[in-house]
Peer 1: 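Please find one structure pasted underneath; my questions will follow.
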Amino acid sequence: MKLCLACQRCFESETWDCPRCGHRPILRDRLLCFIKDPPVAGNGFKPEYFAKLARFEEDNFWFRARNRLIQWALGNYFPAARSFFEVGCGTGFVLKGVRETSPRLRLAGSEIFVDGLVFAQSRLPGVDLYQMDARQIPFEREFDVIGAFDVLEHIVEDDAALRQIFRATRPGGGLLVTVPQHRFLWSAIDEHSMHQRRYGRAELRRKVEQAGFRIQRITSFISLLLPFMIFSRMKKSSSRDFQLWKEFEISRLLNALLANILATERAMIKKGLSFPAGGSLLLIAKRPATGQ
Ligand SMILES: [Zn+2]
């Protein structure tokens with residue numbers, strides 16, 4: 001169901017006009033915008049970020065490995081899902097990957113920054129894309145699965161976003177989340193990425209459960225590369241002129257090597273191993289089919 005953000009009325013309709021109060025989202029650059037005052041360039045983010053990201057993520061081992069893990073989790077834990085909504089879809093790289101492995105899913109995506117959605121629009125013709133704040137989601141019990149991949153750590157009120165995601169998930173449906181892990185890995189990369197936090201496992205578990213979900217699986221990933229991450233952060237913290245994109249500028253050989261290591265790790269996760277530590281956390285949860 002659609003949810004009117006002005007009067008909180010739920011409604012089923014082809015259009016977005018609220019049957020109670022007449023409110024409807026603004027159409028801006030062919031995108032439905034649900035935010036009154038969209039964030040502007042310079043206000044805590046850099047507009048060139050998405051252009052660079054779109055260029056790097058296609059080949060970079062980290063983005064590719066995360067996509068594979070998400071595709072597996074979606075197919076394995078939610079084989080009957082018919083719809084998938086990604087909150088904070090950025091340039092649409094994850095949705096593009098999901099469309100390749102699950103072509104029958106109805107896909108939708110949202111992003112607070114329109115600069116990301118412009119890339120997503122060109123990558124994902126026919127997919128519903130919304131400019132939206134994760135703390136105000138205009139849906140109720142609408143999607144079989146909702147994903148938020150490296151999004152929650154950007155949001156001050158991450159618990160509010162999780163409650164909204166819960167409301168937009170169909171009873172019996174589910175949640176897929178990835179976040180950066182371990183406070184001791186906090187570095188200039190987190191600051192430049194405008195992260196609010198890196199998560200502890202208990203903290204993520206608690207916030208997801210408090211939103212109403214039941215955890216199905218939680219594992220670290222980027223675990224086999226953890227020693228490299230620690231080493232690289234020790235090196236970085238001693239250098240003054242940090243550059244975010246240096247992190248992605250690695251040789252083809254190293255990229256291939258790291259991709260192979262993460263493929264091994266993924267095979268172990270698929271077999272049921274849950275890593276206790278790693279650069280990131282993957283969490284899979286369900287909204288109970290009854291109650292609430
Ligand atoms: Zn209304």
Side-chain angles (χ1 to χ4, degrees), residues 1-41 43-45 78 81-90 92 94-95 105-118 120-121 124-149 151-152 154-177 207-208 210-213 285-292:
M1 279 184 291
K2 294 179 166 73
L3 175 77
C4 173
L5 293 177
C7 74
Q8 301 296 308
R9 164 79 172 256
C10 293
F11 60 97
E12 295 271 18
S13 168
E14 283 290 304
T15 70
W16 275 97
D17 301 82
C18 172
R20 182 198 275 162
C21 75
H23 177 83
R24 64 172 144 179
I26 313 156
L27 194 63
R28 192 179 281 145
D29 301 329
R30 295 185 297 130
L31 284 162
L32 278 174
C33 175
F34 290 88
I35 312 170
K36 260 195 210 139
D37 304 305
V40 290
N43 185 20
F45 95 108
F78 305 104
R82 287 173 299 173
S83 57
F84 175 71
F85 179 41
E86 188 190 1
V87 174
C89 68
V94 173
L95 282 172
L105 281 180
R106 171 170 75 94
L107 299 179
S110 76
E111 174 57 53
I112 195 163
F113 296 119
V114 76
D115 306 70
L117 284 173
V118 172
Q121 248 178 339
L124 298 159
V127 172
D128 291 325
L129 296 168
Y130 311 110
Q131 191 179 12
M132 187 201 87
D133 186 327
R135 296 164 304 173
Q136 280 197 299
I137 300 181
F139 291 104
E140 178 156 325
R141 300 173 177 226
E142 175 69 16
F143 299 100
D144 291 328
V145 183
I146 298 186
F149 308 111
V151 168
L152 293 175
H154 292 268
I155 304 173
V156 177
E157 304 98 337
D158 56 345
D159 47 351
L162 281 166
R163 283 197 301 274
Q164 292 278 303
I165 289 171
F166 180 83
R167 186 168 70 171
T169 308
R170 281 208 191 117
L175 169 74
L176 296 176
V177 167
K207 285 176 174 172
V208 166
Q210 278 174 352
F213 289 103
K286 282 196 173 158
R287 174 172 174 161
T290 53
Q292 300 186 60

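Order of appearance sets the numbers: ligands from 1, and atoms from 1 within every ligand. For reference, positions follow the sequence shown, starting with 1. All values reported here derive from a predicted model rather than from experimental measurement.
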Peer 1: So, Asp17 and Arg24, do they make that salt bridge, N to O below 4.0 Å?
Peer 2: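 Salt bridge between Asp17 and Arg24, a charged N being under 4.0 Å from a carboxylate O: yes.
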Peer 1: Should Glu142 and Arg106 count as an ion pair when the cut-off is N to O under 4.0 Å?
Peer 2: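 Counted as a salt bridge, because a side-chain N and a carboxylate O are separated by less than 4.0 Å.
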Peer 1: Looking at the Zn ion (ligand 1), is one of the N, O or S atoms of His23 less than 2.8 Å from it?
Peer 2: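 No, since none of the N, O or S atoms of His23 sits under 2.8 Å from the Zn ion (ligand 1).
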Peer 1: To check your reading of the site, what angle at the Zn ion (ligand 1) do SG of Cys7 and SG of Cys21 form, to 10°?
Peer 2: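 Once rounded, the angle between the two atoms at the Zn ion (ligand 1) is 120°.
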Peer 1: Check Leu95 against Leu124 and note the closest heavy-atom contact, atom names and distance.
Peer 2: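 Heavy atoms of Leu95 and Leu124 come nearest at CB-CD1, 3.6 Å.
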Peer 1: Looking at the rings of Phe84 and Phe78, which for Trp means the six-membered one, are their centres under 6.0 Å apart?
Peer 2: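 Between Phe78 and Phe84, which both carry aromatic rings, the centre distance is not below 6.0 Å.
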Peer 1: SG (Cys4) to the Zn ion (ligand 1) to SG (Cys18): angle, nearest 10 degrees?
Peer 2: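 Vertex at the Zn ion (ligand 1): approximately 110°.
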